[in-house]
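Read through the structure below, which is laid out as structure tokens, and then see the notes.
When a residue number appears, it is its place in the shown sequence, counting from 1.
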Amino acid sequence: MKNFINKLSPKKIAFIVISLAFIFSSTAYIRYIIKDLPSIYSLEDYTPDLVTKIYDINGQPVTELFTERRALIPLKDIPIDLQNALLSIEDDKFFHHWGISLKGILRAAVNNIIKRKVAQGGSTITQQLAKIVFLTPERTFSRKLKELILTLQLEYHFTKSEILQLYLNQIYFGSGGYGAKAAAKVYFNKEISDLNLAECALLSGLVRAPNYYSPFKNYERALQRRSVVLKRMKDLKQITEEQEKAANEYPLINNRIPNSPAIAPYFVEYIRVLLEPKYGKLLYSGGLSIYTTLDIKAQLAAEEATSKYLAQFDQERLEQFILKKSTPVKVQCALLAIDPKTGGIRALVGGRNFRESQFNRALQAKRQPGSVFKPIIYTAALENGFTPTSIIDDSPLVYVNDGRNWRLVSRTTDYLATLPEEQVKDPMKVWSPANYKYKYNGKVTLRRALERSMNMCSIQILDTIGPNRAIGYARRLGITSPLTNTLSLALGSSEVTLLEITRAISVFANNGVLTEPYAIVRVEDNQGKVLEENIPQEREALSVQTCFIMTHLMEGVIQNGTGQAAKWIRRPAAGKTGTTNDFSDAWFLGFTPQLVAGVWVGYDDKSITLGEKNSGGKVAAPIWAEFIYGALKDKPVLDFKTPDSGIVFSLVEPKTGLLALTKTPGAYLEAYLKGTEPKDYYYQKEMESLYNRKELEEEQEEVPVLNSQSGKVESNASALPSETGTSLQPAQTVQEKEEEPTD
């Protein structure tokens, strides 16, 4: 060995040393590269990010959640024209090489040397797959070496068909379309199986540069690229010249779904907030199927109704903003509709524009409900001594604080003149609530008081039963927000959410059963396994008889009272209007046998008024009616079902609530809890000569029920309230307006 070395010249020794050093260093570098490579076996269980889909109650797609819009399909479901087109333009020797094209590598190497950087790769489809699945898009020699090693491993462990299937499901076609199936939907709004040759050629031409060749960006360039693909297919004898010509002549029809706002954005965000803590990243990349309670038809009706009426309202209010030299502000709204039988949320509008404000006014905002709270007060009254025809005195009320409690001291505002001026102006000492326009009606029935939303009557009812008892009923009906234990509760002074008050009203439509509103029916993984499932949560809150009577009374609000703007829908419906002090909030809560809905209209800034006379009956009721009409347009017209027992109907005179004869003007059938119906008759003196005792007895046979107690219940004018002993504070912030009926 020494002799051999001695015979070598210094140049040869240096060459040998350098060569050995290169070999050892190259081997070490390759070992280092291989050490950092991901395991090729992970592809056997590899699942790329999948789209999570949200469906409505009828299985119709609502929207998708994703990091990459993608759907997986087997190779057999991908049109052969698409497979051929892609191979012809990207890797026509795919089935003949072992993953690497030496000719392509040499060509790329020459270009890279000329440009002195990695500018071009001689990538086969297998190489592209290795890069997009395992590697970053960086252009370095080490990354290229990793790509070559992974490519060889892919070719060794997987068949050509498996590699092609993975590639077609993984590659990006642009415009949010990951994978061939998604691309077909994005560019042509078609299922992949429905693509023709021209469409397959266009999609294949996008792979090299999706943005550059996009038909949405440059129509002519997309056609030229399609032509290149078709020519290549013809040269490879994959299609005939006639097929090439026909495909080139095929018009590039843009069936892309317009970039319109997503359906139910506030509802979708609500779903996302509920599920993200449970599923994390899986919510966006796991291919989940989320089945919800939403009804797309009802949701579209809700969005159309709110958009239509609020745009009109903004236009009407614009002049007032200009006159005041203030910046115009768009009015806001919320609409919530639920199925009373299940509690499923069928429609949800949380505001005018989700992009401008994600604040959900249906679920998150608390506002004073005004008179939409009155049905809760009246429900408590019906189960505590009142009937639909109880007589209440609608006259002014003056309350004075004696230092411990509030006392009703007068039924006329004239009394205020006898008090010191400083006392009258002090809201902690004197409270004198009023009806809308200071209009009073004297003695009226409970029904008429509710239909016309008479404030004084509601206050007297609450005075009689006690605020504490009314709060108990509110809790039974699902109201969870704090409620003031004062007579101002009768005017809706305590703030609640639209969800709460709608849930409460739904009890009437559901025969006394309170259902918890919910939005998610079930969640499935990408294999169809159920991850969670929700069933309606319900509990009994009221008797079916009480609910029927309240429904019967609230039907009168729409037919004869402040809610007549909803009368035109021509189907049985019940509801209640609400308007708060200074017209800050306008409400309408109503229901049919199939659907319960609440509408709120107002400004986020509570100091901005809706404007004089813009009451719940004028602003919110038309939106409710338009929504209900659209949501139930193709549904059967159902009536409210009378309970099998416990309810009696009596023919009564409308002003006194006493039993009427069949010829009594205005007589109508009123519903009563059994045992509370009136027993006394109303008839005018001049009629007495026309009826002898026998004739009267004959008339009585036509009256449904007799032998009951008097229907007259006087309101209590004693100190406030006797039950709790709590020092009461008056409501200076809310005075429900008695609204004029609208046609």
Side-chain angles (χ1 to χ4, degrees), residues 298 337-344 346 372 374-376 378-379 381-383 386-389 445-448 450-451 473 476-478 501-515 536 538 540-577 588-599 621 624-625 627-629 631-652 654 668-674 676-677 704-705:
I338 61 177
D339 181 340
K341 304 299 181 187
T342 66
R346 295 292 185 249
V372 293
K374 287 179 181 176
I376 297 176
Y378 280 67
T379 298
L382 289 175
E383 293 194 347
F386 286 81
T387 75
T389 51
T445 62
L446 180 142
R447 166 180 285 280
R448 191 58 176 160
L450 181 64
E451 290 176 348
Y473 274 84
R476 286 164 59 178
L477 295 175
I501 196 68
T502 304
R503 174 174 57 193
I505 297 299
S506 74
V507 174
F508 303 136
N510 197 28
N511 300 318
V513 177
L514 173 66
T515 53
E538 57 185 32
E540 187 174 349
L542 295 172
S543 71
V544 61
Q545 290 81 12
T546 297
C547 289
F548 177 78
I549 292 178
M550 277 306 306
T551 299
H552 199 233
L553 289 171
M554 292 170 71
E555 283 185 279
V557 174
I558 293 178
Q559 293 301 317
N560 308 303
T562 59
Q564 292 189 54
K567 192 174 181 178
W568 65 269
I569 65 172
R570 299 188 182 282
R571 63 168 64 231
K576 184 67 188 80
T577 57
F588 190 85
L589 271 292
F591 55 93
T592 69
Q594 301 107 310
L595 199 60
V596 180
V599 175
W624 182 91
F627 161 69
I628 288 292
Y629 179 80
L632 300 180
K633 190 173 183 180
D634 299 322
K635 303 291 184 182
V637 176
L638 302 179
D639 206 346
F640 296 107
K641 184 180 178 181
T642 305
D644 295 332
S645 62
I647 293 292
V648 295
F649 288 87
S650 296
L651 189 69
V652 298
Y668 71 98
L669 282 175
E670 185 62 88
Y672 296 88
L673 293 174
K674 188 175 182 180
T676 67
E677 63 274 18
V705 180

Is it the case that the side chain of [X] and the backbone of [Y] share a donor-acceptor pair, with hydrogens and angles ignored and the cut-off at 3.5 Å?
{"X": "W624", "Y": "L589", "answer": "no"}
{"X": "D339", "Y": "K341", "answer": "yes"}
{"X": "T379", "Y": "P375", "answer": "yes"}
{"X": "R571", "Y": "L632", "answer": "yes"}
{"X": "R476", "Y": "A541", "answer": "yes"}

For the atom pair [atom1] ([X]) and [atom2] ([Y]), what is the distance rounded to the nearest 0.5 Å?
{"X": "R447", "Y": "E555", "atom1": "CZ", "atom2": "CD", "answer": "8.5 Å"}
{"X": "T546", "Y": "F508", "atom1": "OG1", "atom2": "CZ", "answer": "9.0 Å"}
{"X": "T577", "Y": "E451", "atom1": "OG1", "atom2": "CD", "answer": "11.0 Å"}
{"X": "C547", "Y": "L542", "atom1": "SG", "atom2": "CG", "answer": "4.5 Å"}

With a 4.5 Å cut-off on side-chain heavy atoms, are [Y] and [X] touching?
{"X": "F548", "Y": "T642", "answer": "yes"}
{"X": "P388", "Y": "T445", "answer": "no"}
{"X": "I569", "Y": "F627", "answer": "no"}
{"X": "V513", "Y": "N510", "answer": "yes"}
{"X": "Q594", "Y": "P340", "answer": "no"}
{"X": "L477", "Y": "R503", "answer": "no"}
{"X": "L673", "Y": "T387", "answer": "no"}

Look at the aromatic rings of F591 and F640 and report parallel, tilted or perpendicular, splitting at 30° and 60°.
perpendicular
Once the angle between the rings of W568 and Y629 is folded into 0 to 90°, is it parallel (under 30°), tilted (30 to 60°) or perpendicular (over 60°)?
tilted
For a quick check under 3.5 Å, do E538 and T515 share a side-chain donor-acceptor pair by atom type?
no
Do the side-chain N and O atoms of Y668 and E670 include a donor-acceptor pair separated by under 3.5 angstrom?
yes
Before you tell me yes or no, could you show the steps for L669 and S650 under side chain to side chain contact (heavy atoms under 4.5 Å, CB included), namely the whole-Å CA-CA distance, both residues' side-chain angles and the distance that decides it to 0.1 Å?
CA-CA 5 Å; L669 282 175; S650 296; 5.9 Å; no
Closest approach of G598 and T502, non-hydrogen atoms and distance?
CA-OG1, 3.8 Å
